[in-house]
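All remarks here apply to the structure that follows.
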Amino acid sequence: MPVVMDADRIGRTLTRIAHEIVERNKGTDDLALVGVRTRGVPIARRIARTLREITGHEVPTGSLDITLYRDDLMRHAVGPQPLVRRTDIQFSIDDRKILLVDDVLYTGRTTRAALDALIDYGRPKAIQLIVLVDRGHRELPIKADYVGKNLPTAPEESVQVRLIEVDGEDEVVLETGDGA
Amino acid sequence: MNTTSQEIDQKQAVTALRRKDLLGIAELSAQEIELVLDTAEAMKEVGTRPIKKVPALRGKTVINLFYEPSTRTRTSFEIAEKRLSADTLNIAIGTSSVVKGETLADTALNLEAMSPDMIVLRHASSGACHFLSRVCRSAIINAGDGMHEHPTQALLDAFTIRERKKRLAGLKIAIIGDLLHSRVLRSNIHLLTKLGANVWVCGPPTLIPTDIRRFGVTPTSVVDDAVRDADVIMLLRIQLERMEGAYFPSLREYFRVFGMTESRMLLARPDVMIMHPGPMNRGVEIASEVADGPYSVILDQVANGVAVRMAVLYLLAGGAEHEEAA
């Protein structure tokens, strides 16, 4: 399985994204980060840390579980329900610019669910999307504002993002369809 | 995104609730109970949002069929269903065809002809939910059947204890009151012993089932023994409507011997939790100072009931999964 991003590359990429955020938003006023569970959450925390180093300002960070908003819930007559975990957003999202963070952008369906979930918490001024890897094959009209790496893939391949906080190591690997 | 869904798939292989109905706690494993409690934590957060509604059960129809009076349980189920976006309807038995003599099976089959997905049943006869689960395709959720079980009450009690104490294993839990007629007791005994709590049960000798030790609990009629060093005291209602015989001389005497008063409570641990499934008979099983006092979590129990019922509805909506089981 080819490693498409190693730990150094992931670190540099997130630093670059943090700088892009500051440039595009002219600072960090009104910004908040919301990571999509599971791996969007540690990525959001790392970006928050880098933003603090760059600007000296703390950007509020939360985590979002989108399970209850998935469009494939109840699509099958029978089948086990996906595990629901806690959403934890300790700040008002009203009139804030929300930076939504996920590890991989693929069909766009998770992002669609995350947008619906976020809007149930209030009315943000804007929502911008940050992804570590964009692997293509969108099924919905969704586009990321900040992309760590554009990675052309075949549909049968799978992109595995591993992060120290969850998996004990930092790397992104591309797995072929049958080998995984 | 594909990584996340794959990871969820792996987790649910270990922890999904693979059943059609929730009939009682007796048939649940400790892992299934933990899954419901963990899911309820996520559901509780939904109740704190400005928009207290998620689309998870959109398009599902749930019928609340209550053959016995209920305020808390029926309202709690209905709020839980609405917060998950299910379509709900309540059948009040007083205004239904039951008063014309229709049987439970006929009522259920007629309701089922209108294709609901779930039926929440409360009934005065023990085993009514098991019976209905054999007759119906819909998922059946037991909201209390006679003197048998009241599983969602036990789950919300466990959720409330776990929220405060962070664990159930090793806690001394004293359950005091009418042990003979209580479905809440039966569900709680199954649940608390499965999760490793040290359960004491206490009541007048006439209200203690003779074989209760079989369930791994310590029975006593000496209330001070039950209360001493308890982490949790759970009072059960004296069920005046189920008392055909004379189980004890008078309500006043019951209160004097078994009622939970502030002085009696001092025997328990300093961080004791006082619980009651409701409705309370103040001055019978519990003194008002205790019910309204700082150790009482009785209203937390009610609040948590909604989250726990959301978790049960959500998890059962996946179905029994017989095809994939192999």
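At least one side-chain heavy atom of A/Leu68 sits less than 4.5 Å from a side-chain heavy atom of B/Val46.
The environment of CZ in B/Arg49 is crowded: more than 12 heavy-atom neighbours from other residues, nucleotides or ligands sit within 6.0 Å. In the displayed structure, A/Glu139 atom CD is contacted under 6.0 Å by more than 12 heavy atoms of other residues, nucleotides or ligands.
One N or O on the side chain of A/Gln81 and one on the backbone of B/Tyr314 form a donor-acceptor pair closer than 3.5 Å.
A pairwise comparison of heavy atoms in B/Glu45 and A/Thr87 identifies CG-O, 3.2 Å as the closest pair. Across A/Val84 and B/Met43, no two heavy atoms sit closer than the pair CG2-CE, 4.4 Å.
Contact residues of residues 119-130 of chain A toward chain B are A/Ile119, A/Asp120, A/Tyr121 (heavy-atom distance under 4.5 Å).
In this structure, the separation between CZ on A/Arg85 and CD on B/Glu41 is 13.0 Å, given to the nearest 0.5 Å.
Remark: A/His137 engages no residue in a ring pair (Phe, Tyr, Trp, His ring centres under 6.0 Å) (not counting sequence neighbours).
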B/Leu35 vs A/Leu83, side chain to side chain contact (heavy atoms under 4.5 Å, CB included): CA-CA, chis, key distance, verdict = CA-CA 9 Å; B/Leu35 172 67; A/Leu83 213 58; 3.3 Å; yes

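For chain A, the nearby part of B/Lys53 is the backbone; its heavy atoms alone come within less than 4.5 Å.
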